[in-house]
J.: 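Got a structure here, written out as structure tokens. Questions coming.
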Amino acid sequence: MNAHLRFDLDYILRHLPDFGPAIWMAVQILVLASAIALIWGIFLALARLGRGPVYWAATGYIELFRNTPLLVQIYFAFFGLPVFGIFLSPFATGVLALAAQHGAFFAEILRGTIQSVQAQQREAGLALGMMPNQAMRYVILPQAFRDAIPASGNQVVLLLQDTALVSTIGVYEITKTAYTLAERSAASFEMFVAIGVIYLVISGLMSITLRGIESAYRIVR
Amino acid sequence: MDRLPETTISVQNLHKSFGDLHVLKSIDLDVHRGEVVVLIGSSGSGKTTLLRCLNFLAEYEQGQIHIDEKLMWYCDADCRQKRPTKEIAHDRAAIGMVFQSFNLFPHRTVLENIILGPTKVKPVRVPKPEATEQAMALLDRVGLLEKADAYPNTLSGGQQQRVAIARALAMEPKVMLFDEVTSALDPELVGEVLNVMRQLARDGMTMVVVTHEIHFALDAADKVIFLDQGKIAEQGPPEQVLFHPQSSRLKDFLRRFEEMTLLSWRRAPPGEKARS
Ligand SMILES: Nc1ncnc2c1ncn2[C@@H]1O[C@H](COP(=O)(O)OP(=O)(O)O)[C@@H](O)[C@H]1O
Ligand SMILES: [Mg+2]
């Protein structure tokens, strides 16, 4: 009867293999951007616990990147970096833009968990003769990292969703692929249902993995 | 044995304030090698602050503290000249401290808690196998050999505190500072910790002990100091200070322990008495 309300499952199944490279691309972006963001976040968090120019630089960076839309940052990197003579592939630009913002998010998670490690823990380290940086390294950071696992896990799941924005600068990840396939057919609704399911499955797998990591590293206090 | 009364800790005219609050007022204190000094005093009298000054965890405005005849930290009037953090940390490594709240590192096993200092912090690093061997010997000494691989949170308070003592001893300190180390424990766990401390005292460790356990003061202390409102109000041998208090402040303070502690001690001296 009403042709365009029919759900064309067959079409989705036929084009599912086309999503293989797209998923692989999204996973690469996810893994690279997460890794860079985590490391960058550690530096930012430590800088934000410091003093003077280091503190102000880190704070300025974090506030700037937390309070502007990621899409704007991606465009800024894509169109802005070449102006400064920096030419990166869309893929690299996307990874760096994601890492730049999520680094700020990780920094805030970690700053919170560092500050929530009891002051007596640091004191116990100092009383053993540790230098302040040793107390940070051996006593505070290991506890802060473990405490940060649940929130960081959520952050990585959000990062997966943000990989969709990289489609806007022409990276053939999941969303861009869906756009392209949708343009070629009348089945755009089906396409976006399909990628919704794909994102859901990847997120689900990530969440299961994260629960495992969480329980393996939980500190009972 | 060297019988000279070597001074391990020497405190002269120590003053310490938090803002307007003058917490320590002209403290003079000598602790000789192998001596056990027990500090008593009501809450807020400055006992913790004094220990923290001895360990340079707290800075002070006036006075001098020598440890083994070496001036550890000082500040002139405008506090311009400070000792470098690294030197302070170096000297602090030779002063063990045990806290009321244990403060074991929860992410490390008992053994890892103990060897962290010797392998990573001690001015002369100890190789891991050797540190492990020493740690096991210490665990044996505090009666917790079988807990080497346990995490702190799986232990009772008394066990955690004994591990904390072993952790401090692993640094081979010249002095041990104890800050109300049994106050957070259930009564039935107090004895096991005090016994470890008694043994330590018998082995000749120099100790400064803040405690409300009058038993311990009577049978382990060489000297008892009563701190009152930031001043040393009375000091002397335990029997003199605890049984013949001079000031009304100390009499009031001790009265609070009379029923609980002193009377029971008179009935059954702690040597024979099984604590429970
Ligand atoms: N970090 C601090 N800042 C401000 N006041 C403090 C601080 N530490 C201790 N004090 C104050 O110093 C006084 C002595 O404290 P403390 O040495 O802990 O006493 P005690 O251990 O004998 O109970 C108290 O009045 C306490 O409130
Ligand atoms: Mg105290």
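As the structure is a computational prediction, the values presented were derived from the model and not from experiment. Note: hydrogens, waters and symmetry copies are ignored here, and every other heavy atom, side chains too, is used. By convention in this document, chain letters (A, B, ...) are assigned in the order of the sequence lines, proteins followed by strands, and residues within each chain are numbered from 1.
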J.: Mind checking whether Leu116(B) and Met130(A) have side chains closer than 4.5 Å, heavy atoms only?
T.: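 Leu116(B) vs Met130(A): side chains touch.
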J.: So which part of Thr85(B) gets closer than 4.5 Å to some heavy atom of chain A, the side chain, the backbone, both or neither?
T.: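 For Thr85(B), heavy atoms of backbone and side chain both lie under 4.5 Å from chain A.
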J.: For Glu63(A), look at atom CD and say whether over 12 heavy atoms of other residues, nucleotides or ligands are found less than 6.0 Å away.
T.: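 Yes, because the 6.0 Å sphere around CD of Glu63(A) holds more than 12 heavy atoms from other groups.
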J.: Evaluate the side-chain proximity of Gln121(A) to Pro106(B): yes if any heavy-atom separation is below 4.5 Å, no if none is.
T.: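 Pro106(B) vs Gln121(A): side chains touch.
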J.: Surrounding OH of Tyr61(A) (heavy atoms of other residues, nucleotides or ligands, distance under 6.0 Å), is the total greater than 12?
T.: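 Count over threshold, so yes.
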J.: For atom CZ of Arg66(A), is the number of surrounding heavy atoms from other residues, nucleotides or ligands below 6.0 Å larger than 12?
T.: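 Counting neighbours around CZ of Arg66(A), more than 12 heavy atoms of other residues, nucleotides or ligands fall under 6.0 Å, so yes.
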J.: Counting only heavy atoms closer than 4.5 Å, note whether Arg167(B) contacts chain A via side chain, backbone, both or neither.
T.: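 For Arg167(B), heavy atoms of backbone and side chain both lie under 4.5 Å from chain A.
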J.: So Leu128(A) and Phe105(B), do their side chains get closer than 4.5 Å, heavy atoms only?
T.: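 The answer is yes; the side chains approach within 4.5 Å.
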J.: Taking Lys120(B)'s backbone N and O only, do any of them form a donor-acceptor pair with Gln134(A)'s side chain (distance below 3.5 Å, no angle check)?
T.: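 Judged by distance alone, yes, a pair lies under 3.5 Å.
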J.: Does His107(B) reach the main-chain N or O of Tyr138(A) with its side chain, forming a donor-acceptor pair under 3.5 Å?
T.: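 At least one qualifying donor-acceptor pair exists.
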J.: Is Phe99(B) in contact with chain A via its backbone, its side chain, both, or neither, using a 4.5 Å heavy-atom distance?
T.: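 Looking at Phe99(B), just its side chain touches chain A.
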J.: Within a 6.0 Å radius of atom OH on Tyr172(A), are there more than 12 heavy atoms belonging to other residues, nucleotides or ligands?
T.: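 No, the 6.0 Å shell around OH holds no more than 12 heavy atoms from other groups.
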J.: Are more than 12 heavy atoms, taken from residues, nucleotides or ligands other than His15(B), located less than 6.0 Å from that residue's NE2 atom?
T.: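 More than 12 heavy atoms, drawn from other residues, nucleotides or ligands, come within 6.0 Å of this atom.
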J.: What pair of heavy atoms forms the shortest contact from Arg92(B) to Leu126(A), and how long is it?
T.: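 Taking every non-hydrogen atom into account, CD-O, 3.0 Å.
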J.: Select one option (side chain, backbone, both, neither) describing which atoms of Ile95(B) are under 4.5 Å from chain A's heavy atoms.
T.: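 It is the backbone, since no side chain atom gets that close.
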J.: Hey, does the side chain of Glu123(A) reach the backbone of Asn103(B) with a donor-acceptor pair shorter than 3.5 angstrom?
T.: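 Answer holds: no.
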J.: Heavy-atom distance under 4.5 Å to chain A: side chain of Leu177(B), backbone, both or neither?
T.: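 Answer is neither: Leu177(B) stays 4.5 Å or more from chain A.
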J.: Crowded around Phe192(A) CZ? As in, over 12 foreign heavy atoms under 6.0 Å?
T.: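 More than 12 within 6.0 Å, yes.
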